[in-house]
Amino acid sequence: MVIQKTKPKTRVPQPFEQATHFSDSSSLGVVALLAVTNWISHFFYFREFGLYEDDYAFIADAMARDASYLWEALQSSLLFPQGRPVGFYCAAVLAFVGDKLGGLWVDYLLGFVITTLNAYLFYRLLKHTELEILALIGGLLFCLFPADTTKILLTHAFILQVSLTFLLIASLCYLAKRYMLSYLIVLGSLLSYESAFMVFWGIPLFAQTWNRTWVKKTIQHVAILSFCFIGVGLIRWLHHESRVNSFLTQPTSLILLLQKILSAMTIGLNTSLSLFVTAPLASIAHWHWMTLLAAGLCCLLFLSRFASLNIHVVEQTIRLPSTFSNRSFLKQLDRQTVPDYYLKVLKFLGVGIVLICLSYSLAFTIPHYPPAIEKGRLTSVHLAATIGGSLVGACLLSFLFIVAVVNRRKSIIVSLFSLYLACLVGYQFTIQKDFKQSWQNQRMFWTDVLANSPDLDENTTVLVVDRNLPQTEFILTHSWAEPLILKQILRSPNVQVDRSKTVPILTEAGWTQPPVLFLVPEDWQSRVTLRLPFWSVPLTTWQGYSTTVLPESTIVLEEQDNHLVRREAPVTIHGQSLKLKPKLRSHVAALKPGPLCKYLIDEQNQKMLCGNVLEGSN
């Protein structure tokens with residue numbers, strides 16, 4: 001019996017093989033790259049960030065509270081506020097933990113961890129395409145996605161970004177064929193921020209093959225998600241949740257609703273993709289030397305990473321024609337076969353567009369419609385588009401990358417890609433500096449308020465005349481949350497303090513009627529309605545705010561030389577001269593500092609403006 005030796009089959013290398021299979025040590029390198037990029041882009045100034053807009057309702061509420069707060073927050077979350085109990089409770093828990101571990105700077109470290117984790121989870125999701133270069137570029141674009149400018153905002157990090165975390169983990173479970181687990185996890189996304197949940201409808205499109213089995217599985221997937229979505233909507237309706245009720249009480253014809261949804265998808269798609277080009281280019285004119293340094297450092301990191309990709313190609317691939325005449329191009333193209341790689345990129349380009357459209361399918365209500373917002377807190381309407389938008393960008397850039405490598409232009413394309421990504425870093429760094437400036441503006445504002453109001457007590461109303469107060473571009477310095485802040489800076493003399501703790505815990509607010517501050521327009525006096533002895537003041541701190549005040553307990557502050565000064569002369573309302581609250585020359589020492597005193601008031605002014613600082617509060 002003769003045993004014939006067979007030659008081992010020579011395996012034909014696949015296009016870009018070394019770019020699609022990396023070791024675990026390389027994955028750790030990707031984690032490090034994403035973490036450094038995220039840190040420099042969004043959290044470099046984390047020690048100089050503060051609270052903004054919604055943070056005063058969600059983050060500040062957890063400060064200086066004992067463990068009973070977690071139970072209170074759980075109870076209030078289960079009441080289905082805005083249909084997002086999981087997101088609201090996550091925000092409460094994370095803010096509470098951050099406060100106990102060190103305060104605001106720990107909160108921002110938690111935000112950094114969440115956003116870095118999401119970028120890596122998205123990278124792992126794109127690894128299912130079996131195209132490493134696409135996954136790497138996608139992870140970086142996810143981290144630097146320019147349409148959503150709110151990654152720094154703590155409330156959004158603890159609610160909206162957590163919703164993305166649920167979605168990405170559920171997607172990875174689904175692609176690993178752990179279907180039941182994926183549906184349980186994605187409920188966390190639906191109950192945190194529903195627009196992110198909508199992207200999960202398109203996750204079956206990541207399957208490598210689309211056959212009859214895939215069609216049956218996708219139909220089952222759509223049915224399960226429809227059941228979950230309708231079920232949660234029904235619960236929100238039974239709980240009289242405001243958004244569902246307002247939608248149902250203002251019925252729109254089905255055709256008009258579909259038109260609005262399609263319009264939202266189209267506008268959102270155009271906005272989110274166009275900002276990949278317009279946003280970074282527009283910000284270059286405003287770069288500071290620190291922005292240039294941050295972008296330059298990241299550019300070097302990108303150059304190093306892309307240059308280290310060893311890509312092997314086979315001959316049967318698309319090459320640039322030697323001449324650009326239509327005839328030459330067609331002749332050369334006719335003699336070539338299109339490798340699977342390009343078809344796969346084209347497929348996932350379409351998947352990305354579908355995912356973007358799904359992410360805007362609920363953006364048909366005010367204030368999210370039309371989803372064309374480019375700056376500020378409401379750019380959160382683009383949050384869910386981070387996944388589809390980053391995938392589309394990754395497909396386009398990876399296609400260009402491979403075409404350049406095939407034509408032996410790797411060094412050129414690596415340089416161009418690194419410069420482009422560095423421009424995105426510069427754009428995000430500009431946003432970061434805006435958050436830093438906003439906090440500086442707030443600290444100056446509230447220090448001036450307290451310096452001019454040493455006689456603050458219960459029932460005091462402070463009206464600040466807004467004559468072009470400093471504002472910032474990407475986050476509001478003055479927002480709807482202004483009336484919440486005084487009672488968080490100061491505590492009533494009736495406050496109870498548990499001094500058995502290492503850091504004293506305020507166990508009771510103590511205010512019967514806390515002092516409150518509103519911004520009013522310059523012509524506020526002409527808008528006041530007299531109902532003596534009260535004023536009815538239509539205020540502009542937030543649309544819909546109005547209040548009734550007593551002149552004798554009202555303080556009016558006006559701008560002078562970039563500072564606030566107190567008006568002591570009477571004001572004239574509809575021909576009547578009315579006296580304001582008389583200014584006392586000494587501080588009411590009985591008032592105690594609240595949890596925001598150490599953040600909003602400079603340390604040198606805390607004792608003077610907030611009374612005696614509690615031991616350990618610094």
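Using a distance-only test at 3.5 Å, with no hydrogens or angles considered, a donor-acceptor pair links the side chain of Tyr89 to the main chain of Leu70. Distance alone, capped at 3.5 Å, is enough to place a donor-acceptor pair between the Asp434 side chain and the Phe474 backbone. The backbone N or O of Arg377 lies less than 3.5 Å from no partner atom in the side chain of Thr150, so there is not a single donor-acceptor pair. In this structure a side-chain-to-backbone donor-acceptor pair under 3.5 Å is missing from Asp448 to His563. A side-chain donor-acceptor contact under 3.5 Å links His382 to the backbone of Ile373. Side chain of Arg124 to backbone of Tyr120: no donor-acceptor contact under 3.5 angstrom is found. Side-chain atoms of Thr477 never come within 3.5 Å of backbone atoms of Gln471 as a donor-acceptor pair (strictly under, hydrogens ignored). In terms of modelled atom types and a separation under 3.5 Å, the side chain of Asp55 and the main chain of Leu153 share no donor-acceptor contact. Side-chain N or O atoms of Thr165 include one that pairs as donor or acceptor with a backbone N or O of Gln161 at under 3.5 Å. Under the 3.5 Å distance criterion, the side-chain polar atoms of Thr447 are left unmatched by any main-chain donor or acceptor of Met444.
The aromatic rings of Tyr183 and Phe200 stand perpendicular to each other, their planes meeting at an angle above 60°, with 30° marking the opposite boundary. Below 30°, between 30° and 60°, or above 60°: for Tyr45 and Phe429 the angle between ring planes is between 30° and 60°, a tilted geometry.
Here Arg566 pairs with Asp455 in a salt bridge; the nearest charged N to carboxylate O distance falls below 4.0 Å.
In this structure, the separation between CZ on Phe445 and CG on Leu469 is 6.0 Å, given to the nearest 0.5 Å. Distance check, rounded to the nearest 0.5 Å: CG of Leu160 to CD1 of Ile114 gives 11.5 Å. With values rounded to the nearest 0.5 angstrom, Arg47 atom CZ is found 14.5 Å from Lys436 atom NZ. Between the CZ atom in Phe197 and the CG atom in Leu362 there is a gap of 9.5 Å [rounded to 0.5 Å]. Distance check, rounded to the nearest 0.5 Å: CG of Leu140 to CZ of Phe122 gives 11.0 Å. If you take CD1 on Ile59 and CG on Leu596, they are separated by 11.5 Å, rounding to the nearest 0.5 Å.
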Under the criterion side chain to side chain contact (heavy atoms under 4.5 Å, CB included), I'd like the reasoning laid out for Tyr427 against Thr149: C-alpha separation, chi angles, the key distance, then a yes or no. CA-CA 10 Å; Tyr427 177 64; Thr149 64; 3.8 Å; yes
Check the pair Thr460, Ser553 against side chain to side chain donor-acceptor pair (under 3.5 Å), reporting the backbone distance first and the verdict last. CA-CA 5 Å; Thr460 300; Ser553 62; over 6 Å; no
Intermediate values then yes/no, side chain to side chain contact (heavy atoms under 4.5 Å, CB included), Phe49 and Phe46: CA-CA 5 Å; Phe49 293 157; Phe46 80 106; 4.3 Å; yes
Go through the steps to decide whether Tyr52 and Ser479 satisfy the test side chain to side chain contact (heavy atoms under 4.5 Å, CB included), and finish with yes or no. CA-CA 8 Å; Tyr52 312 91; Ser479 71; over 6 Å; no
Step-by-step side chain to side chain donor-acceptor pair (under 3.5 Å) determination, Asp54 to Trp480: CA-CA 8 Å; Asp54 290 0; Trp480 71 270; 2.9 Å; yes
Between His42 and Gln428, does the side chain to side chain donor-acceptor pair (under 3.5 Å) criterion hold? Intermediate values first, please. CA-CA 6 Å; His42 301 104; Gln428 298 294 347; 3.2 Å; yes
Side chain to side chain contact (heavy atoms under 4.5 Å, CB included) between Val36 and Ile40, worked out: CA-CA 6 Å; Val36 171; Ile40 294 176; 3.8 Å; yes
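In this structure, Phe229 places its CZ atom where only 12 or fewer heavy-atom neighbours from other residues, nucleotides or ligands lie under 6.0 Å away.
Taking the six-membered ring for Trp and the full ring otherwise, Tyr360 and His368 have centroids separated by 6.0 Å or more. In this structure, Phe88 has its ring center at least 6.0 angstrom away from the ring center of Tyr193. Between Trp39 and Phe44, the distance separating the two ring centers is not shorter than 6.0 angstrom.
A 4.5 Å side-chain heavy-atom check between Leu519 and Glu482 finds at least one atom pair inside the cut-off. Looking at Phe166 and Leu184, their side chains never come closer than 4.5 Å, going by heavy atoms from C-beta outward. Considering only heavy atoms from C-beta on, Glu72 stays 4.5 Å or farther from Ser76 through its side chain. Considering only heavy atoms from C-beta on, Leu517 stays 4.5 Å or farther from Lys487 through its side chain. Residues Leu187 and Cys228 are in side-chain contact: their nearest non-hydrogen atoms beyond the backbone lie under 4.5 Å apart. Looking only at side-chain heavy atoms (C-beta outward), Ile485 and Val449 stay at 4.5 Å or farther from each other. Proximity of Leu421 to Leu141: side-chain heavy atoms (C-beta onward) are separated by under 4.5 Å at one or more points. Side-chain contact between Leu104 and Leu154 is present, with heavy atoms from C-beta onward closer than 4.5 Å.
Taking each heavy atom of Ile356 and Ser272 in turn, the nearest pair found is CG2-OG, 4.0 Å. Closest of all the heavy-atom pairs between Ala62 and Ala92 is CB-O, 4.1 Å. Nearest heavy atom pair, residue Thr379 against residue Lys375, reads CG2-N, 3.3 Å. Residues Ala295 and Val425 share a closest heavy-atom pair of CA-CG1, 4.2 Å. Taking both residues in full, the closest heavy atoms of Gly426 and Thr291 are given as O-CG2, 3.5 Å, listed atom of the first, atom of the second, then distance. Taking all atoms of both residues into account, the shortest heavy-atom contact from Thr472 to Ser438 is OG1-CB, 3.4 Å.
In this view, Arg467 and Val465, Glu522, Glu558, Glu559 satisfy the side chain to side chain contact (heavy atoms under 4.5 Å, CB included) rule, not counting sequence neighbours.
Identified under the side-chain hydrogen bond (donor to acceptor under 3.5 Å, both in side chains) test for residues 105-117, with sequence neighbours left out: Asn38-Thr115, Asn38-Thr116. The stretch residues 141-162 participates, sequence neighbours left out, in no salt bridge (charged side-chain N to carboxylate O under 4.0 Å, His left out) pair at all.
Under the 3.5 Å distance criterion, with hydrogens and angles disregarded, no donor-acceptor pair is assigned to the side chains of Thr461 and Thr554.
For the pair Lys433 and Phe435, the NZ or CZ position fails the cation-pi test of under 6.0 Å to the six-membered ring centre and within 45 degrees of the ring normal.
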